[in-house]
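Residue indices begin at 1 and follow the sequence shown.
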Amino acid sequence: MKSSSELKQMLKQVDHKGYPAYKSLRGQYDFGDFVLMVDHVQGDPFAAPSSVSVSVPMAKAAFPDEYRDKEYSRTALEDALLRKFSGEIARCSFKAKGSGKSGLFATSRPGPEILRRSAMCVTAQAVTARFEVGFPANGRTINARELEKMLFEFLPPAVTQSLFYRNWDKKILQNVYELSVDQHYIRQELPKRKLIAFLAEGSILPRMSGVSSKPLKNAVPLSVPDSMRVDLNLPCHGPISGLGIPEGVTLIIGGGYHGKSTLLTALEQGVYNHIAGDGREYAITEDTALKIRAEDGRSVQNLDLSLFIHNLPNGKDTTCFSTVDASGSTSQAAAVMEGIEMGSHTFLIDEDTSATNFLVRDEFMQKIVHGDKEPITPFCARVRDLYEKAGVSTVLVAGSSGAFFHMADTVIQMDSYHPLDVKGRVERFLPDYPLPEFAAGEFALTQEDRAFWGRGLRRNDRIKTKVMTTDGFSINREMVDLRYVEQLIDSEQTAALAGMLKYALTHLSGTSTVRQVAGMLDGLARQKGIDAFMDGYAYCGMALPRIQEIYAMLNRYRGK
């Protein structure tokens with residue numbers, strides 16, 4: 001390791017040279033309180049910025065052991081450190097001048113969700129922050145004096161203010177820790193109380209807009225009907241009351257614009273912890289909950305759909321079904337079966353984004369199109385068995401069809417954003433609206449694991465990936481479409497999925513199953529960190545996806 005003084009001398013030596021001379025700066029430099037690592041140097045000032053990291057020994061950073069001894073509290077600490085560090089270096093960005101990206105300081109900028117990210121890593125040994133720097137140049141001639149200002153004047157104060165416990169407001173970090181403890185406690189309580197979600201009274205669920213994750217100003221706080229009230233005594237916060245959504249089949253109804261989809265969206269995103277002040281910090285959904293929707297045109301590989309689709313007129317076998325262009329109903333049936341395979345215990349469904357003929361078939365239609373001519377067994381004929389025989393609960397938003405009233409254990413009516421328990425009122429009407437019988441066959445789930453269809457690649461193959469926000473990514477020009485994987489909430493998760501698929505294709509064996517590949521990727525990420533999927537140098541733009549999103553990515557890869 002070289003000293004910071006040696007780095008200054010090296011900067012003087014490359015000043016005014018051609019831009020490639022910056023490559024000589026790669027390495028580690030001791031700045032006393034921290035180590036600076038130049039991990040990758042950009043090719044020219046207009047290319048992707050250089051990758052740089054700083055590491056502070058824990059003996060000097062001195063964050064309390066209790067903040068980092070559990071995964072959930074360590075993730076919350078990393079998130080808090082990253083938010084502060086990101087803000088500190090953003091204030092220095094482009095103070096140094098030059099061509100192209102000269103003077104840039106940048107790192108991850110998290111939304112309200114708390115995710116494990118490659119940009120900040122806390123271990124028992126050190127705190128490491130990764131970020132990007134635009135090495136300054138005039139044209140393509142090195143301006144090392146500006147880089148010296150960036151690394152010796154701008155960066156050290158940002159590091160000391162963010163990554164040393166002594167410079168923090170201790171109450172802020174204590175609140176971050178306590179919130180993580182309380183959120184973990186709620187997640188542990190859900191299965192004990194046979195709940196799939198808890199949403200604290202007073203939570204702010206509406207967002208400012210469809211493209212903003214900020215809470216809506218002057219929004220109606222969540223109220224709780226007494227019949228659905230759940231009281232908890234959190235370890236740090238103390239007593240708290242909220243809406244408890246039980247296991248089983250839950251129906252969310254109400255008029256348009258009354259908050260049905262808002263509640264469902266809060267449940268979708270409640271699989272992630274949220275920061276204080278977001279309004280949803282105590283809106284917690286069990287970790288495996290999966291949003292299910294129609295997805296016309298997606299690929300389906302080697303999947304048993306016979307629970308929902310059978311007796312196709314072309315005689316195609318639905319116990320091992322594949323297609324490159326699924327219909328809405330087929331894609332939704334596939335999503336259900338894949339969800340069962342990946343171990344999800346809750347399905348979240350919105351009528352507005354579902355295939356109508358997959359959800360329900362009314363009596364009139366059954367009289368016109370007889371059962372022996374209809375290959376689709378609707379979801380409403382299976383939803384009770386899914387819970388009673390497979391242990392999978394369902395939360396369904398319905399605005400037009402009343403068929404699911406007969407199957408629901410819980411019925412919530414959203415009235416001007418206030419949830420009302422209307423199960424008793426619904427039951428009084430059920431005899432007047434009998435449900436037609438469905439010719440549903442025996443409920444049986446396949447016991448066989450599917451082989452992964454991805455074509456293995458040599459580790460020295462040149463494999464290019466390109467991330468398109470949360471819409472998906474390409475790998476060797478093969479697009480993996482993730483637009484309808486709605487619980488994928490950060491493009492850095494997409495970047496991690498791209499890295500995971502690249503890793504899988506270069507390491508898997510020809511006999512690997514989908515379950516094995518997903519488990520391998522998830523386990524590797526949790527044991528070794530997201531760094532395991534980086535390309536040779538530290539990269540600050542990856543966030544950990546759930547195993548549900550890993551499965552979703554594998555299922556949408558066409559394997560060419």
Side-chain angles (χ1 to χ4, degrees), residues 1-8 28-39 51-93 95 105-110 112 114-133 148-184 235-237 273 275-277 281 529 531 538 540:
M1 184 186 303
K2 298 176 181 177
S3 68
S4 59
S5 299
E6 289 177 286
L7 176 59
K8 277 189 176 181
Q28 299 184 5
Y29 304 92
D30 187 352
F31 272 62
D33 281 343
F34 64 90
V35 175
L36 173 73
M37 293 164 281
V38 179
D39 303 303
S51 295
V52 179
S53 55
V54 294
S55 183
V56 180
M58 187 54 70
K60 295 182 178 181
F63 291 99
D65 290 349
E66 63 177 350
Y67 290 2
R68 50 189 172 83
D69 63 354
K70 304 291 185 184
E71 181 179 338
Y72 59 84
S73 59
R74 184 170 62 252
T75 299
L77 173 62
E78 290 171 344
D79 179 81
L81 299 184
L82 177 58
R83 290 174 193 274
K84 188 169 185 180
F85 181 68
S86 178
E88 292 288 340
I89 64 171
R91 283 193 282 272
C92 305
S93 193
K95 283 188 175 180
F105 274 120
T107 189
S108 299
R109 303 190 67 176
I114 299 172
L115 304 174
R116 285 182 61 184
R117 297 177 185 271
S118 60
M120 187 67 65
C121 179
V122 174
T123 67
Q125 291 74 40
V127 177
T128 302
R130 297 185 177 96
F131 52 103
E132 295 177 327
V133 178
E148 183 176 336
K149 285 196 300 184
M150 294 177 71
L151 299 182
F152 286 85
E153 294 180 26
F154 303 156
L155 181 61
V159 173
T160 56
Q161 288 300 311
S162 306
L163 306 184
F164 289 81
Y165 182 61
R166 65 176 183 263
N167 294 322
W168 272 83
D169 181 331
K170 306 305 185 290
K171 184 62 176 175
I172 291 176
L173 283 186
Q174 182 67 20
N175 290 340
V176 167
Y177 168 72
E178 291 181 354
L179 178 58
S180 74
V181 171
D182 287 341
Q183 290 170 332
H184 180 72
C236 302
H237 181 281
N273 289 341
I275 59 172
E281 53 265 50
D531 306 32
C540 65

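- Side-chain N or O atoms of T107 include none that pairs as donor or acceptor with a backbone N or O of S86 at under 3.5 Å.
- Within the 4.5 Å cutoff, no side-chain heavy atoms of K95 are placed close to those of K149.
- With contacts defined as side-chain heavy-atom distances shorter than 4.5 Å, the pair P235/D182 qualifies.
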List the steps and the verdict of side chain to side chain contact (heavy atoms under 4.5 Å, CB included) for M58 and Q125.
CA-CA 5 Å; M58 187 54 70; Q125 291 74 40; 5.8 Å; no
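- Rounding to the nearest 0.5 Å places OH of Y177 at 9.0 Å from NZ of K70.
- For the pair L36 and S4, the minimum side-chain heavy-atom distance is 4.5 Å or more.
- In plain terms, the two heavy atoms of E88 and S162 that are nearest each other are CG-OG, 3.4 Å.
- S108 places no side-chain N or O within donor-acceptor distance of the main-chain N or O of P110, the cut-off being under 3.5 Å.
- Side chain of S93 to backbone of F105: a donor-acceptor contact under 3.5 angstrom is found.
- Not a single donor-acceptor pair under 3.5 Å links the side chain of K84 to the backbone N or O of A158.
- By the 4.5 Å heavy-atom criterion applied to side chains, R117 and E78 are not counted as neighbours.
- V127 pairs in a side-chain contact (heavy atoms from CB on, under 4.5 Å) with only one of the listed residues (V54, V159, V122), which is V122.
- Taking OG1 from T128 and CZ from F34, the interatomic distance works out to 12.5 Å, rounded to the nearest 0.5 Å.
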For V176 and Y67, what are the C-alpha separation, side-chain angles and deciding distance, and is it a side chain to side chain contact (heavy atoms under 4.5 Å, CB included)?
CA-CA 9 Å; V176 167; Y67 290 2; over 6 Å; no
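- Between A276 and L179, the shortest heavy-atom distance links the atoms N-CD2, 3.6 Å.
- Shown here for W168 and A80, the closest heavy-atom pair between the two residues is CH2-O, 3.6 Å.
- Panel note: side chain R68, backbone L77; no donor-acceptor pair is recorded below 3.5 Å.
- One distance of note links CZ of R74 with CG of D79; it measures 14.0 Å at 0.5 Å rounding.
- T160 and N167 are not linked by any side-chain donor-acceptor pair at a separation below 3.5 angstrom, with hydrogens and angles left out of the test.
- Atom CE of M120 is separated from atom OG of S53 by 11.0 Å, given to the nearest 0.5 angstrom.
- The distance from atom CG of L82 to atom CG of L115, rounded to the nearest 0.5 Å, is 10.5 Å.
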Using side chain to side chain contact (heavy atoms under 4.5 Å, CB included), reason through M37 and S55 one step at a time and then give a plain yes or no.
CA-CA 8 Å; M37 293 164 281; S55 183; 3.5 Å; yes
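- Looking only at side-chain heavy atoms (C-beta outward), I114 and I275 come within less than 4.5 Å of each other.
- Taking the side chain as every heavy atom from C-beta outward, L81 and F63 approach each other to under 4.5 Å.
- Without hydrogens or angle criteria, K60 side chain to F164 main chain gives no donor-acceptor distance under 3.5 Å.
- Proximity of H237 to E178: side-chain heavy atoms (C-beta onward) are nowhere separated by under 4.5 Å.
- In this structure, Q183 contributes its side chain and E281 its backbone to a donor-acceptor pair below 3.5 Å.
- Separation of atoms CZ (F152) and OG (S5) is listed at 7.5 Å; rounding is to 0.5 Å.
- With a 4.5 Å cut-off on side-chain heavy atoms, I89 and F131 count as touching.
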Walk me through it: do D531 and R130 pass the test side chain to side chain contact (heavy atoms under 4.5 Å, CB included)?
CA-CA 11 Å; D531 306 32; R130 297 185 177 96; 2.5 Å; yes
